[in-house]
Amino acid sequence: MAASMARTCSRLFRFQSCVRRKLSPRYLAFNENFHSSPALHSGLLLSLNKRGVLKESFPEDAAHDQLARVLDSGGQTVYCGFDPTADSLHVGNLLAIIGLLHFRSAGHHVLAVIGGATAQIGDPSGKTSERERISADTLEGNTHSIRESIQRIFTNHELNFHDSSAKKKMGTVTVLNNMSWYKDWNVVGFLSEAGRHFRMGTMLSRHSVQTRLKSEDGMSLTEFTYQVFQAYDFYHLNQIYGCKIQLGGSDQLGNLMSGHEYIRKVCGEEVFGLTLPLVTSSVGDKLGKTAGNAVWLNRERTTPFELYQYFLRQPDNIVERYLKLFTFLPLGEVQGLMEQQRLDPGKRLAHKRLAAEVTKLVHGKEGLESAKRCTNALYNSSVQALEQMSEEELQELFHQAPFHELLLEPGSTVLDVCRRVQAVPDGPKGYRMVTEGAVWINHTRSDKPEQVLIPKVHVLSNGLSLLRVGKKNFYIIKWLGL
C-alpha cells in the first residue's frame, strides 16, 4: 500500500515555482492534452448546484451560460487558495478541496495554492480583528504541513473514490506556494505595476473592508491590501497556467471580484469566480479556527476517531446536506440512505455512512479502520478491538491518559499494577478501591487485589493493557519483557 501511494503521489503532484508574467511554454504543455478532449463537462455545474456545493458566481450571469460554454469547450484550469495561518487545514476548508476534486474528476486541472505570502498579509474577510504576525519558522512549518495534507487527501480520493476503469481521464493536481512569485518583488515595483489598476472606491466598497472599518479597531493598511494580492495571484495563474476559474468561500466573493476586474483591465480576458457555502454548525456558527470550534484535518490535531465521531454525531436535520456536500455518493444513493434512515432511525445508517466517507477521504482506509477500532473499544467495550489497536491508537483515543512502560515481573498482581502507575493510593484505601469494584482492566472488572495478571485477559496479545479506575481515569500500560 505504501509503495502504491508513493507512486500515486509521484504521478499526481508537481511542485513548481513560477515568476514569469507571460503565457509560458509550460502552460502550453500543461493544457495540451485537455484542449483536444471532447466536451464532457456540461453536467458539472448542474451536479454541483444540486449537491449544494456552489453558492454564487461572478460575473453573475456566467453560472449557467458563459461559464458552462467555457467548461464544455475543453478541460480548464481551476484554483483555490489556502493560507497557512495554522499547521493544519480544518473541516471548514474541506469543502473547497472537495470542490477541486469534483472539477478534477470531470477532467479539469486543479491548482491548490498555499499562501506563503498572503498569510503574512492576513485576510480580513470574516475577521473581527487583525491576525497576529506569523514568524518565518512557523510559516515554513505550516506550509509544509498543509502541503502534506492536500497531497494526502487528493491521493486518498484517487485511491478510494475514483473508478480507475472509467473512460474519463482525471485532471492533474499541482500544489504551489504564492511566495514563489512574490519573493523577487519589491514594494515599489509591485505597486507601480499592479497597484495602478485598483481603484480606492471599489476597494473600500468591499463588504469585508466596510465591516472592519466600522469596527472598534478599524483596519490596517496591510489587511486592506490583501485583495490586491489575491487578485494578482489569479492574474499570475491565468498568465502562467491559463487559469480561468477561482473557487473560494462565500466570504471571498469580494476578493474574487477584484481578481476578475484586474485581469479584465490588464489583458481583457474573461475569468470566473465561484463561491462555496460556508460550512456552519447546527446552531449556525462558522466552522473554523477563528470561531474556536475547528475540527482539523491533520491527525496530530484531530484523530481519525475524533473526525469520525464528529460527523457521526451530527443532528438528523443536517446529515442529508452533509452527505451531499462532503461525500461523492450519487444523489440517488443519498436519497436511498435517507429513506432507510427514516424507516429505522435507530440504526443511524446515514450518519455512519457520512462519518465513514469523510474519514476515508481525509485519512484513507487505514484511518477509517482505526476510527472504527477506537469506536468499538471505547463505546462497545470490545476486547478484540483493544487487542487490534496500536500503541499510537490507544494514546490518541485516551490522549489525556498517562502512558507507562512497565516490566512484567512474574507474580505481578492487579493491586501491584495499580500502585505502580499510581492509579490507587498505597495502604488500605487502595486495596478497598479494588475490592469495591472501582478497577477495570481491558473493560473487565478486576475486584481481586491478589489476582495474578493473566496473559490475554489482563495483558493483551499486543502487549498493552487499558486500566480504568472509576469512570474517567484511564491509564495505558505497555508491558516490556514479554
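These figures come from a predicted structure and were not determined experimentally.
Few gaps surround NE2 on H399; more than 12 heavy atoms of other groups in view lie less than 6.0 Å from it. Atom CZ of R133 has 12 or fewer neighbouring heavy atoms from other residues, nucleotides or ligands inside a 6.0 Å radius. Summarising the local packing, CD of E140 is surrounded by 12 or fewer heavy atoms from other residues, nucleotides or ligands at distances under 6.0 Å.
No donor-acceptor pair closer than 3.5 Å links the side chain of T202 to the backbone N or O of F198. With hydrogens and angles ignored, the 3.5 Å screen pairs no side-chain donor or acceptor of T359 with any backbone N or O of A356. Using modelled atom types, no side-chain atom of T303 and backbone atom of R299 make a donor-acceptor pair closer than 3.5 Å.
To the nearest 0.5 Å, atom CZ of residue R373 and atom CG of residue L397 are 11.5 Å apart.
The side chain to side chain donor-acceptor pair (under 3.5 Å) test with R104 is passed by exactly one of H157, E158, H162: E158. Partner S370 forms a side chain to side chain donor-acceptor pair (under 3.5 Å) with one of E393, E396, H363 and no other, that one being E393. The one candidate from F224, Y182, Y235, F234 that meets the ring-ring contact (aromatic ring centres under 6.0 Å, His included) condition with F229 is Y182. Exactly one of L94, L307, V279 qualifies for a side-chain contact (heavy atoms from CB on, under 4.5 Å) with V295. That residue is L307. Checking R348, R353, H351 one by one against Q341, the side chain to side chain donor-acceptor pair (under 3.5 Å) holds for a single residue, H351. Screening W181, W185, F190 against H236 for a ring-ring contact (aromatic ring centres under 6.0 Å, His included) leaves a single residue, W181.
Judged as a salt bridge (charged side-chain N to carboxylate O under 4.0 Å, His left out), not a single pair has a partner in residues 112-124 (not counting sequence neighbours). Applying the salt bridge (charged side-chain N to carboxylate O under 4.0 Å, His left out) test to pairs two or more places apart or on separate chains, those with a residue in residues 217-242 are R212-E223.
Under 3.5 Å, the side chains of Q230 and Q252 contain a donor-acceptor pair of N or O atoms. With 3.5 Å as the limit, one finds a donor-acceptor pair spanning the side chains of S135 and T138. Side-chain atoms of H144 and E148 form a donor-acceptor pair, as typed in the model, at a separation below 3.5 Å. For N178 and T118, the side-chain atoms include at least one donor-acceptor pair closer than 3.5 Å.
F326 and F311 have their aromatic ring centers within a separation under 6.0 angstrom.
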Step-by-step salt bridge (charged side-chain N to carboxylate O under 4.0 Å, His left out) determination, K365 to E369:
CA-CA 6 Å; K365 288 183 178 179; E369 291 305 313; over 6 Å; no
Determine all donor-acceptor pairs shorter than 3.5 Å in which one atom belongs to a side chain in residues 261-269; sequence neighbours excluded.
from : atom 1 : to   : atom 2 : distance (Å)
E261 : OE1    : R206 : NH2    : 3.1
K265 : NZ     : H197 : O      : 3.0

